[in-house]
Structure formats: structure tokens, C-alpha cells
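Below you'll find the structure, written out as C-alpha cells, and then a few comments.
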There are 2 protein chains.
Amino acid sequence: MAERLNRASDRPAYRQIADRLRAEVARGDFAPGAQLPSESALEARFKVSRVTARRALSVLVNDGLAQSEHGRGYFLRTPPPVQRLSSDRFDSRDAGTEDAPVEVLFVGRGPVPAKMAERLGLVAGDDVIVRNRRYLLEGRPARSAVSYIPLDIAAGTPIAEEDPGPGGIYARMEEQGLTFDKYDEEVTARVATEEESRLLLLPGSTPVLQVVRTAFADGRPVEVCEAVMDAAAFVLDYSLPARRS
Amino acid sequence: MAERLNRASDRPAYRQIADRLRAEVARGDFAPGAQLPSESALEARFKVSRVTARRALSVLVNDGLAQSEHGRGYFLRTPPPVQRLSSDRFDSRDAGTEDAPVEVLFVGRGPVPAKMAERLGLVAGDDVIVRNRRYLLEGRPARSAVSYIPLDIAAGTPIAEEDPGPGGIYARMEEQGLTFDKYDEEVTARVATEEESRLLLLPGSTPVLQVVRTAFADGRPVEVCEAVMDAAAFVLDYSLPARRS
DNA sequence: GAGTGGTCTAGACCACTTC
DNA sequence: AAGTGGTCTAGACCACTCT
């Protein structure tokens, strides 16, 4: 028998169906990663057209609860393990604990984008060392990061190499005698671009967190890093000391 | 004459249309807030069905570029003025500069939600003072915030009143002799819930930034505040001092 | 081959806004 | 009344996955 919808309600059919699916998900009817009812299953169950069934499922997809796979079905999104990026994460580089698996996409010379040039005190188009990489979390890409480093700091050093060695590029900079002052971070959120969706294997248009970090050493900017991460997978932790009385 | 689409392309018609609209927007063909072509206009222009025209427009809506208004049309979203929340924003309370227009939605006693109880060292359901408010930015609601303050700190003080007075609740706490130690902030992003979309006047499902701040004074948590803001309108600024050698 | 989602069409009725 | 977006139907063809 067909499950009944309140067709007189203001709440459209597709939302009512989505509400029921959401409730079932919340109740634990589906294991993480489990397949949700197919479009045709919903058509039969609620006696609606395929478009309506699709719309209901797309609500869940849009909310980040589900994900569709062409030819396979709709699946409950496995909540990605939440990764906390805490504000003291730069303290750990000598300890060598910050070793998320990294996939290097590009390392080399290239022109600096306008937005980044400003932060580095350069002019748009100036050449810098570009380091583009992707961090994995339990085998899945979760974060992409692009760093821009002025040539006078990076050129001819391990910083311009694929593998900059233990402790990463910050350790190399310190070995050059640079002393870090501070890191400024600008946090924003938006929907992923199509390219980012591909890169991070995100469904459709899901939200991402974007962090633009400028590292300062000896009073000058020495690196700008733009990181884009699956918003569902990250919590950014910051601890702000109270101003002193 | 109908504008031609590449029907042989892998890129679906609705995306091609969306791409062209996006390009026109980028080129500045539409003023901020201006009306975009209507669904029927796109039907005629590209000789597609209404569903396809709709889909194209909904791509722009989904990306946060446009917004539909029932019975009126699709409009380019005015980029909301970006508000920067910097990490030193708590230093300004005596200066009285932190006076964004505020709309108080609720102030009173209420049970603390489980997630917040933990941070305050309380048990879920314990009563606390709840302060629910909405901040306006150029007349538009841009940020909602709910604070939870333990009763022993807030009950019977201006902190439990609608208007806590100049400098806000932090100033009142200091007057009680509390000395602030630090503020811990957890930043996440996600799509707005339906309720949040109503509260912040956001179209459909747009991304929001969520900041959960725990304020510590004299070694104990004295306030938890959950803020939800239109991601398009905010940049969060944090400055992290480098660890000292 | 059967089942799945992705795209598209041509129509319909409704609710809202504007004139 | 005319134009707009919001919902819904019944069908179609395609691409992908699985067995």
C-alpha cells in the first residue's frame, strides 16, 4: 500500500517525503554508508512522480546527509571523521606529529595570483614557489592546500622540492635562520566550486571551509597558504587569550 | 533567434545556460540586486523546456549568486558587506565600539542543551540563563547568537536582563570580579537549517559559519555562545602568535 | 539485461506580485 | 489580468553499474 502524504498541507510533497527519510535516518534505520531507497522505490511507496521522488532525495543530498552515485543509488554519507585543526598546530612540527598523508599535486615556480600577491607584498604575476597538495583522511581526500612562497626564500632550497623533508617547509625556513612571529588566518565558508568538488570528491554543491593563512617571520610575510576543506570533516579550534588587565 | 547550445556536449544544457549567465554576471551585465532573466525568457532564448531553464537558474541560486522571489523573479544577490570578526574583538568592550544593532529574541531561564552543558561543566537540562539575539548588518539580519550562562553567575544580575548595559555581559561579569582567561572558539560550516534560513533571511540552502565560543574566567567556563552567520557576509580573522623558542 | 541515477520535454495548476 | 516562480505529472532517452 502507498504511504499517505498530506496533499492538502502547505508543505510540498517532496519536503514531506524528505522529512520522513530524514526521520528514518535520525532513528538509525540506515547504517552509515548504507543505500537509501531508490527513486523508483519512493515513487511506488508514496505514489508520486519520479521528479518528486528525486526532489525529495536531492533535499537530503543538499543538506549533506546523502550522496548519489550514478548507476548505483543514493547512499547515506558516512560522516567523515572530524579532524580538528587547533591553533597550536604549528608547535608540533619538530615533534613530527603533523603527518597526515599528503599527495603532492604540483610544486614549482609560477605566477602569484592577485589576491595572494597583496598579502606577500608582491605584485600580481610575480613568480613565486607554488606548492599544491592534497591531504588525505582515512584514504579520502579531505583538504587541498596551495602555498605561495617568495622566491628569495624558497628558490634553490628543499622548499622548492616535492619533498621538503621532515618538519615541512616551516622547519626548513627556521633552518635558514628565519624566526616566526605569527600566523594570520582568515576563515570563510562557501559552496565548493566544481573543480573543488572533483578534487575533494564532494557531492554536488557542498559547503567548504577556506582558510587563508599568512605566516610572518622576521617581520615580513614568508608564506601564504590557501586551504580548502570539506566543511563536514573539519572543526577549526582557536584559543584566544584574554587581553591582559 | 534562439541562442545556440552545444547539444552534443557532455555538459548538460542547464549547465551551459548557467555558465553563460554566470559569465554575464561576471562581466557586469547586471547591477547588484538587478533582476535576472525570467524562466520563460530563458525558455525562449535557448529554446529549452521550463524545467531546464529553472535548473539553470537554480545553479546560480545554489552557488549563492542569485536568489528567487516568488511572483517577482530571480535577482542577483547583493554581496552583503563583509564583516570581519577579528580575534581581538573582545578587547573593545570598554571602548563600546562593538555595537552592531541587536535584536533581542529571547532572554530568560531555560534548560541547557546537551552539547552546551558539557562545555559549561553542567548536566544536560540544568537551568541556565539563555540569551538569544540577532545582529543586524545594514538593516539585514546577518548573525544569530545564543549564549548560555550558568545561573550562579547570571541570575539576578543585568546579565539576565534584556539590556545588560554598556559593554555587554562581559563587562558585567568583570564588574562581578571575574577575570577572563581565554576564549576557545570552534569554527565549523554547514548549510543553514530551514529555521536558520528564515531567521537570517537566507535563500534556500546557503552555507553558514558556526562559531561556538567558550569563555573562561578564573579557570572555569562562564559562558558558551553559539553564533550562526551568513557565510557570504563574514570573514573570521584569527592571529596566532608563533610558539616561542 | 535489469536497475540505477542524469537529463530533458510538454504540459498542468497554484500562489504570489504588479499594474 | 498578466507575469512571475513553486509544485507536480507522465513520459522519454541516455549513461552507468552490477551480475
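Heavy atoms only: backbone and side chains are in, while hydrogens, waters and symmetry mates are out.
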* Contacts of R7(A) that satisfy side chain to side chain donor-acceptor pair (under 3.5 Å) - sequence neighbours left out -> none
* To do: For the helix from dG1(C)-dC18(D) to dT18(C)-dA1(D), figure out the bend between the end axes, five pairs an end, and round to 10 degrees.
  => 10°
* For A41(A), check side-chain contact (heavy atoms from CB on, under 4.5 Å) against everything at least two apart and list the hits. => P37(A), S38(A)
* Structure fact -> Hits for side chain to side chain donor-acceptor pair (under 3.5 Å) against T78(A), two or more places apart or cross-chain, chain-then-number order -> none
* Structure fact -> Hits for side-chain contact (heavy atoms from CB on, under 4.5 Å) against E162(A), two or more places apart or cross-chain, chain-then-number order -> V104(A)
* To do: Taking side chain to side chain donor-acceptor pair (under 3.5 Å) as the test, write out the residues that go with Q210(B), two or more places apart.
  => R190(B)
* To do: With sequence neighbours excluded, tell me which residues meet side chain to side chain donor-acceptor pair (under 3.5 Å) with Y74(B).
  => E39(B)
* Structure fact -> Across all chains, not counting sequence neighbours, the side-chain contact (heavy atoms from CB on, under 4.5 Å) partners of N6(B) are A8(B), S9(B), Q16(B)
* Structure fact -> Each nucleotide of nucleotides 2-9 of chain D classed B (base within 4.0 Å of a protein heavy atom), S (only sugar-phosphate) or -, in 5' to 3' order, makes -BBBBBSB
